Amino acid sequence: MSDDYILEMRDITKTFPGVRALDNVNFRVRRGEIHALVGENGAGKSTLMKVLSGLYPAGSYEGEIVVDGETMSFAGIRQSEAAGIAVIYQELALVSLMNVAENIFLGNEITSGAAIDWAKSYARASELLAQVHLDVNPRVPVQKLGIGAQQLVEIAKALFKNARILVLDEPTAALNESESENLLNIIRKLRDDGVTCIYISHKLEEVKSIADSITVLRDGKTIETRHPSEGEEVTEAQIISMMVGRELTERFPRVEHTAGETVLEVRDWTVYDPERADRKVIDNISFDVRKGEILGIAGLMGAGRTELAMSIFGAYGARRSGTVTLEGKKLTINEPSDAIETGISYVTEDRKEKGLVLNMDIIKNSTLASHFRVASNGVLNKLEEILEAREYTTQLQVKMSSLEQITRNLSGGNQQKVVLSKWLMTKPKVLLLDEPTRGIDVGAKFEIYNIMNRLVEEGVGIVMISSELPEIVGITDRILVMQEGRLVGSQDWREATQESIMHMATGGR
Amino acid sequence: MSDQERTFKSIVADQLSHNMKQYAMFIALLAVWVLFTILTNGTFLTSRNITNLFLQASHIAILAVGMVLVIVAGHIDLSVGSLMGFIGAIAAVLQVNFGWPTLPVILVAMAVGVLIGLWQGYWVAYRGIPAFIVTLAGMTIFRGGIIAVTQGATIAPLQESFRAIGQGYLPRILNPEARTGFHEVSAVLAGLFILAYVIRQIANRRKRVQYGFDVLPARIEALRITLVGVLIAAFFGTLVFYRGIPWVVVVILALTLFYSFLTQNTVFGRQVYALGGNKEAARLSGINIRRRTLMIFVSMGFLSAVAGIVFTARLNAASAQAGTLVELDTIAATIIGGTSTLGGVGTVFGAIIGALLMASVNNGMSLMNLSSDVQMIVRGAILLLAVWFDIASRRSQN
Ligand SMILES: Nc1ncnc2c1ncn2[C@@H]1O[C@H](COP(=O)(O)OP(=O)(O)OP(=O)(O)O)[C@@H](O)[C@H]1O
Ligand SMILES: [Mg+2]
């Protein structure tokens, strides 16, 4: 029974110009299990799944894929889908203007004759949505749904295609705790219904709680597969050391900071929705950021944390009132460039949509917000650019084949590091970080915390928005909690616990 | 030895497959030339015709240089043909009807181009109207403008000094009276140009090695530089042994160098590529999208003026039809030259090659005496093919 493999990938090798992304990888998945695939950024997880799905067609890699004992060679996604394999990628692929049902059936419409049979479609969509415990009307446009719900729509779509092997690439990266928990439960249920799941995540707590088997990849090689479901002991520390190849004793490098004078002062900050002029997205918020401290901002999705940061940065909101003061000077910030010039930088939460120019290389992306530094009289100094880019990408240990690699081809976590490089290069006085460690592996997270500590040491004031409570509690000095556009609480790190913050964020419910 | 041989082959193959798009445009150009040489029994490839061809490509090349920025930024300009004709008409009327000397005419024409660029750019950048609507309106407005200015008549002839811009050649020093034959001034210029190219390539390579970047093996690099050098020499050679380098070619070379520098070495250029690649990321990086967009259209207006002057000078006349369908040639040239319709990608040099290709097609078809209906169908089909090739090749990349 336990040797009943639904999927075997044998000796898979996949190279890109200058990189061997997969090096003789062996990966075996048992029928009906949840199999976690973990590894550092750039270890090759996503690449392995792209090989599996036929996105990289047979012939573009070496090795063998065996599904149910049968050797497969997929020329494209259609074939792998026909074999019962569905992959939900790191970046969701829904059409945001179409409704839920249209998305579920996109490309596989239920028809009667030549026309789409809408009655049947909506009925079937409701069934599928019930299967993933998503209680929404299938006629709602997808863009009205939160990311968590969109994720479930993707799964419903996969179920409709009769997926027997469901691959989820970092599905919870953008979800908050309760959404994640909900998703994990649904995955467990799907397993009980006989769907085999391959689960990629950097959140090791989740991996531990859900996985029947765990395979670790490092530098494109399989390190080991373990089976907690058979009572094999696997601790987080063990997974981490397999991932990074060394011991990592602590997750959060706690350093005592001595906060200095106030650097950023926000008073009575109110921001209205650009689409509905009477709705306040941010409602009368006041807070200070001091030199040399990390201020955490916690809250549920939709609490207005991103809007708060974006509006201070000059990138959001048509109508704003209140004041922002930097080092005693009142600021008028209408455009991001105003903010960058005065010393406020904002690291966006969504690296692909808002962070990177994907068809540009690492050098050009990393200097994008610092042209004033690497140019004189409007002419770029390319040597200067290279040196700056090299300095910051080395600090952040970006894994790349060369500084001239196109950022589209970087792994998700390394893309995030390039975005961080870009903003560190502006040498800000206040750094607003929006989910800075989303999709980043433990080792790299640790690096980023160290860098934050170092910046704070140098006198930078840091504001970190995060949905990961352990991180908020583990690294910040002070925590503000937001709910529905208002500030509802504030705690020192010594008294804060994940529970106390959650309690405030949900309004004590 | 055989091992070395294999790596040599594999490196060349690797280069070819990774720069497929660039080679594709040269291959297409070559194919068009071979085809027309055969179809015209060799007339196409005579020195005389090739020189003509370069002259005929000039206004497309000038416009395509500006169109690169427009399309890279994710916009389009449908008005360039009409605008070019309009400005040419203004210039002709000022000189022919009002007797203005050449220099003030040129200055006024350029000022008009810049002003119209500001006007169109304002609507796109600050009023958020899609560029294709703004410039579609412009296309009609300027066509109307031409008729208003010329009263439907052909305005001619222009002064000698004005005509020289479009049909004149660099002067001869050794033998000032000769019309054709070896042109020593051009030869010297061409030699200097090739020398500059080789030195720059070598300097670039040194720098890359110094920064620790990948470079081609020395042998292959030498081969590449030699090949390109020979191509440039062949290009100038046809001119040098006929009537010399035309003034327009000098204008185009200057514009190409300037715009290459602008796109690759200036903050402005970098920011245009960034906003074309990802507008939101560019905005959040502090790039002033509106101002950049405005400047792109100002540059397009300016180049439309230059093209208008050159075009009018070559024909020695302005007419109500001037510049019809030139927007099509320009956009096709830009896309054939590797500029992506999806934005964010494109080179000035590629656009020049694209312009040469479009001009070759037009020239060859005229030599064959094809009727204008056939010519229009072919030009339209080429645009469609070029865009399809662009989109298909980008899809296969991702
Ligand atoms: N199209 C490509 N061209 C060149 N290199 C690539 C390409 N796709 C991936 N790579 C490289 O292959 C390696 C593996 O990338 P992959 O995306 O599989 O990592 P990952 O394990 O999914 O990382 P993450 O956790 O950050 O998402 C990386 O070094 C990446 O730079
Ligand atoms: Mg990945």
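Lettering of chains follows the sequences in order, A, B, ..., and the numbering in each one begins at 1. All values derive from a computational prediction rather than experimental measurement.
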*Do the charged groups of B:Arg208 and B:Glu221 touch, with an N to O distance under 4.0 Å?*
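No.
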Looking at chain B, which one of [options] has the largest number of heavy-atom pairs inside 4.5 Å, strictly under?
options                      : result
A:Glu335, A:Glu341, A:Lys382 : A:Lys382
A:Leu368, A:Leu380, A:Leu387 : A:Leu380
A:Ala339, A:Ser402, A:Ala369 : A:Ala369

Contact class of [X] relative to chain A, heavy atoms under 4.5 angstrom:
X        : result
B:Tyr211 : both
B:Asn288 : neither
B:Ile287 : side chain
B:Tyr273 : both

*Would you call A:Leu403 and A:Asp361 a side-chain contact if the rule is heavy atoms closer than 4.5 Å?*
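No. Closest side-chain heavy atoms not under 4.5 Å.
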*Is the closest side-chain heavy-atom distance between A:Asp434 and A:Arg305 below 4.5 Å?*
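No. Closest side-chain heavy atoms not under 4.5 Å.
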*For the candidates B:Gln264, B:Lys207, B:Gln210, which exhibits the highest count of non-hydrogen atom pairs separated by less than 4.5 Å from chain A?*
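Most pairs with chain A among the choices: B:Gln264.
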*Tell me, for A:Phe372 versus chain B, whether the close heavy atoms (under 4.5 Å) come from the side chain, the backbone, both or neither.*
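Neither part, no heavy atoms under 4.5 Å.
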_Which atoms of A:Thr426 are under 4.5 Å from chain B, going by heavy atoms: the side chain, the backbone, both sets, or neither?_
neither
*Could you verify whether a donor N or O on one side chain and an acceptor N or O on the other, from A:Ser370 and A:Glu388, lie under 3.5 Å apart?*
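There is no such pair (donor and acceptor under 3.5 Å, judged by atom type) between the side chains of A:Ser370 and A:Glu388.
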*Please determine, by modelled atom types, if B:Ser299 and B:Tyr259 share a side-chain donor-acceptor pair under 3.5 angstrom.*
yes
*How about residues 338-350 of chain B versus chain A: which residues have heavy atoms under 4.5 Å apart?*
B:Gly343, B:Gly344, B:Val345
*Within a radius of less than 6.0 Å around CD of A:Glu353, do more than 12 heavy atoms belonging to other residues, nucleotides or ligands occur?*
no
*Near B:Arg200 CZ, under 6.0 Å, is it more than 12 heavy atoms from other residues, nucleotides or ligands?*
no
What's the spacing between [X] [atom1] and [Y] [atom2] if we round to 0.5 Å?
X        : Y        : atom1 : atom2 : answer
B:Met67  : B:Ser304 : CE    : OG    : 7.5 Å
A:Ile363 : A:Ile386 : CD1   : CD1   : 5.0 Å
A:Tyr56  : A:Leu48  : OH    : CG    : 11.5 Å

*Of the options B:Asp77, B:Ile296, B:Ile76, which is the one that meets B:Ile71 in a side-chain contact (heavy atoms from CB on, under 4.5 Å)?*
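Answer to the side-chain contact (heavy atoms from CB on, under 4.5 Å) test with B:Ile71 among B:Asp77, B:Ile296, B:Ile76: B:Ile76.
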